[in-house]
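Here is the structure we will look at, set down as structure tokens.
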Amino acid sequence: MTRLLRIPQAGVSSIVDLIGRLRSQIQPSPQGLQVPWFADHNETLPLVLVVALHVCVWWAVALLLHAPSDIHNDMAEAFSWGRELQWGYYKHPPFWAWIARAWFSIFPATDWAFYLLSVVNSAVGLIGVWAIAGRYVTGARRLAAVVLLELVPFYHLLAFTYNANSIALSVWPWTIYAFIVSFETRRLVPAASFGALAAAAMLSKYFGGVLLVSCLGAAIASPLARAYFRSAAPYVTILVFGACVAPHVAWLLEVSSGPIDYLSTKTEYSFLFVAGKAATVVAGIILQHGFLVVVLVALRRTLGEPAWGLASASPRALIGRPKIRLLAALAVAPVLVTVLVSLLGNVRLSTKFALPLFSLMPLVWIIFDRAKCGFRSMCAVGLSIGLVMGGALLVALPAADLKFKHNHRHFAEPRAIVARQLTELWHAQMASPLRIVAGTESYALATTFYSDDHPSHFIDFSTTRAPWIDNARLSRDGLAIICVSDDKACLDETDRFKSLRTTRVTWSNVFKSFLGSRGKAFSFVVVLVHPGQIFHAPAIDCCTGPLRGERNGLGAGNSSGTAGEAT
């Protein structure tokens with residue numbers, strides 16, 4: 001027994017050495033002893049809690065606020081396009097639609113899953129801001145750079161609609177992070193990551209070019225520019241970026257109508273109109289940052305220098321530091337470039353363009369103000385965020401009810417109801433799945449999402465805008481058309497199918513209810529074009545005009561049978 005309990009001398013020495021190494025890594029600090037490994041986890045754990053709170057609260061707010069409405073057209077468009085994998089679509093590049101496809105390969109096609117995607121998308125952006133902040137500040141200051149973004153609506157209320165604008169909330173911060181790491185280290189892996197993320201930004205929406213121009217400007221303005229451009233890093237970035245966007249560019253050169261044509265329809269405004277719109281958007285952005293500014297000013301006056309004290313270094317001295325200059329340029333340049341592009345390119349600005357532009361502003365303020373982010377100030381910020389979240393939860397349902405009663409076009413439209421009724425009617429008439437749908441845009445798009453068959457959308461009856469539709473598919477699968485009764489352009493399209501065997505139905509007084517209130521009633525004309533007939537689509541469509549201003553319909557071949565009609 002004594003021999004069993006005897007510890008070899010070598011083992012005792014090893015234990016003593018291990019304890020010595022652990023003691024040497026324990027650093028004294030004003031807050032007490034901290035082990036570096038545990039300190040790292042102390043930074044990560046609050047972030048995890050903040051992100052979890054962000055997702056849970058704003059997901060609940062989104063569901064309550066949109067309880068009476070069906071998903072936004074942009075969201076249905078993302079779902080519809082994602083099901084038709086392409087290198088581009090007639091309005092936008094494809095990346096954001098690909099993300100929707102990946103998401104719904106895991107989650108069911110339901111409203112709650114779509115709004116979860118929206119808040120997760122913004123949460124990924126918050127984590128990206130945290131990663132950027134970690135290269136400049138630590139501890140509470142790093143966390144503050146993230147949580148202060150909860151005081152502006154860009155990362156929650158304005159992000160509930162998942163579309164080509166909101167995807168920038170997640171893509172842009174990580175692209176900036178990859179650029180900073182690549183610029184500072186000049187290593188090849190960060191350079192390649194920057195190239196891939198820059199391509200994701202550009203392939204989400206061409207507005208991503210604003211970010212790329214800003215990164216280039218920040219690099220040129222840095223004192224370290226010569227070392228960066230003499231390294232292999234920027235050229236690896238260019239090669240990776242080019243390889244990622246090349247398929248889209250090839251697609252763009254082949255199609256007769258694409259995002260550039262669509263963009264051209266958004267530039268036909270007078271300079272005074274564009275300048276006025278830009279001024280309005282800037283004013284709106286300032287107002288949306290109002291609560292954040294009020295909180296910061298209140299904290300300064302209430303808590304004083306112990307919480308938000310200024311350092312001796314002046315802003316001029318700080319901007320002279322290469323790292324700080326790079327960050328400041330990345331924070332300011334996107335805003336300036338956006339306004340400049342709007343004025344020079346005659347592009348009408350919208351607040352939704354501003355979603356990703358201000359993600360670095362809290363971090364820049366923390367650095368230039370040398371905010372200490374003490375315990376009291378962080379508690380005050382947490383209380384402010386709690387008031388915002390709690391207020392949103394309380395107001396969301398009454399606001400939804402108010403919108404349902406007054407916003408007839410979006411909240412009261414019975415799109416999900418119509419989509420399911422259309423599917424049932426098709427099944428009853430054809431005894432086969434519904435494969436293709438067309439008609440009034442909001443209802444045709446909704447059908448692709450809410451119908452259990454998830455049919456393809458025949459956009460504007462155009463094979464250019466919907467290249468996944470051709471004569472063979474139309475002949476084999478048939479077509480369901482849903483038109484609002486006052487949509488003359490849609491009804492005119494149905495006349496092109498009179499020589500084919502069809503079933504025509506009129507639905508009247510279709511409405512939905514919410515919290516005991518009855519919504520506006522709508523009427524519809526439904527035309528079911530039976531499968532197994534010869535369709536002739538034009539060989540070339542020209543669809544570069546406004547969305548509903550210029551159409552190319554289908555000609556009908558010879559068919560057996562006559563047009564059937566039911567009311």
Side-chain angles (χ1 to χ4, degrees), residues 47-48 50-66 71-83 89 91-132 145-147 149-178 196-208 210-211 288 334 350-360 389 392 396 449:
L47 174 74
V48 172
V50 166
V51 170
L53 183 66
H54 172 91
V55 171
C56 293
V57 170
W58 293 118
W59 184 29
V61 171
L63 293 175
L64 291 172
L65 186 61
H66 297 91
I71 61 170
H72 193 278
N73 282 355
D74 287 355
M75 300 168 77
E77 196 169 59
F79 179 85
S80 174
W81 290 1
R83 291 182 61 81
Y89 303 92
K91 283 201 297 187
H92 297 300
F95 183 73
W96 64 292
W98 293 349
I99 295 296
R101 180 188 176 95
W103 181 265
F104 286 106
S105 67
I106 301 172
F107 292 92
T110 57
D111 289 31
W112 66 260
F114 227 142
Y115 289 115
L116 181 60
L117 171 60
S118 297
V119 295
V120 167
N121 174 64
S122 61
V124 170
L126 292 177
I127 299 171
V129 173
W130 182 80
I132 296 169
V146 176
V147 298
L149 291 171
E150 297 285 355
L151 299 178
V152 291
F154 292 147
Y155 273 84
H156 38 81
L157 294 177
L158 297 182
F160 288 158
T161 299
Y162 176 82
N163 56 24
N165 296 299
S166 66
I167 189 65
L169 288 171
S170 59
V171 174
W172 279 36
W174 284 107
T175 304
I176 293 173
Y177 173 74
L197 287 165
M202 198 68 177
L203 290 176
S204 295
K205 191 174 184 179
Y206 292 157
F207 184 61
V210 167
L211 176 60
Q288 290 176 24
S350 171
T351 305
K352 59 190 179 184
F353 282 49
L355 290 180
L357 296 182
F358 296 92
S359 60
L360 297 182
M389 291 182 168
F449 183 77

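The basis for the numbers below is simple: all heavy atoms, side chains too, and nothing from hydrogens, waters or symmetry mates.
- His156 places none of its side-chain heavy atoms less than 4.5 Å from the side chain of Val61.
- Under 3.5 Å, the side chains of Glu150 and Trp58 contain a donor-acceptor pair of N or O atoms.
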Check residues 196-208 and write down every donor-acceptor pair under 3.5 Å in which the side-chain atom is one partner and the other belongs to a residue at least two apart or another chain.
from   : atom 1 : to     : atom 2 : distance (Å)
Ser204 : OG     : Ala200 : O      : 2.7
Lys205 : NZ     : Asn165 : OD1    : 2.6
Tyr206 : OH     : His248 : NE2    : 2.6

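- For the pair Leu357/Phe154, no side-chain contact is recorded, criterion being any heavy-atom separation below 4.5 Å from C-beta on.
- Under the 3.5 Å distance criterion, the side-chain polar atoms of Tyr177 are left unmatched by any main-chain donor or acceptor of Val129.
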Assess whether side chain to side chain contact (heavy atoms under 4.5 Å, CB included) is satisfied between Thr175 and Trp172, documenting all intermediate values.
-> CA-CA 5 Å; Thr175 304; Trp172 279 36; 5.5 Å; no

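- Between Phe79 and Phe449, the ring planes are perpendicular. Angles over 60° get that label, and only those under 30° would be called parallel.
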Tabulate below the donor-acceptor pairs under 3.5 Å that side-chain atoms of residues 100-107 make, not counting sequence neighbours, or state none.
from   : atom 1 : to     : atom 2 : distance (Å)
Arg101 : NH1    : Gly82  : O      : 3.1
Arg101 : NH1    : Arg83  : O      : 3.3
Trp103 : NE1    : Ala113 : O      : 3.0
Ser105 : OG     : Ala102 : O      : 2.5

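- Put simply, CG on Leu116 and CG on Asp111 are 12.5 Å apart, with the number rounded to the nearest 0.5 Å.
- His54 and Ser122 share a donor-acceptor pair across their side chains, judged by distance under 3.5 Å alone.
- For the pair Ala78 and Trp96, the tightest heavy-atom approach, listed with the atom from each and the gap, is CB-CZ3, 3.3 Å.
- Residues Leu126 and Tyr155 meet the side-chain proximity criterion, which asks for heavy atoms closer than 4.5 Å.
- Annotation: side chain of Phe358 is not in contact with side chain of Leu149 (no heavy-atom distance under 4.5 Å).
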Take Ile99 and Tyr162 through the test side chain to side chain contact (heavy atoms under 4.5 Å, CB included) and record every step on the way to the result.
-> CA-CA 10 Å; Ile99 295 296; Tyr162 176 82; 3.3 Å; yes

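- With 3.5 Å as the limit, one finds a donor-acceptor pair spanning the side chains of Ser170 and Asn121.
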Steps toward side chain to side chain contact (heavy atoms under 4.5 Å, CB included) verdict (Ser166, Leu355) | CA-CA 7 Å; Ser166 66; Leu355 290 180; 4.2 Å; yes

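- Looking at every heavy atom in both residues, Ala123 comes nearest to Val55 through CB-CG2, 3.8 Å.
- A distance of 8.5 Å separates CH2 of Trp174 from CD1 of Ile132, quoted to the nearest 0.5 Å.
- Using cut-offs of 30° and 60° for the angle between ring planes, the Phe160 and His66 rings count as perpendicular.
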Take Lys91 and Glu77 through the side chain to side chain contact (heavy atoms under 4.5 Å, CB included) test and state the conclusion after the steps.
-> CA-CA 11 Å; Lys91 283 201 297 187; Glu77 196 169 59; 3.1 Å; yes

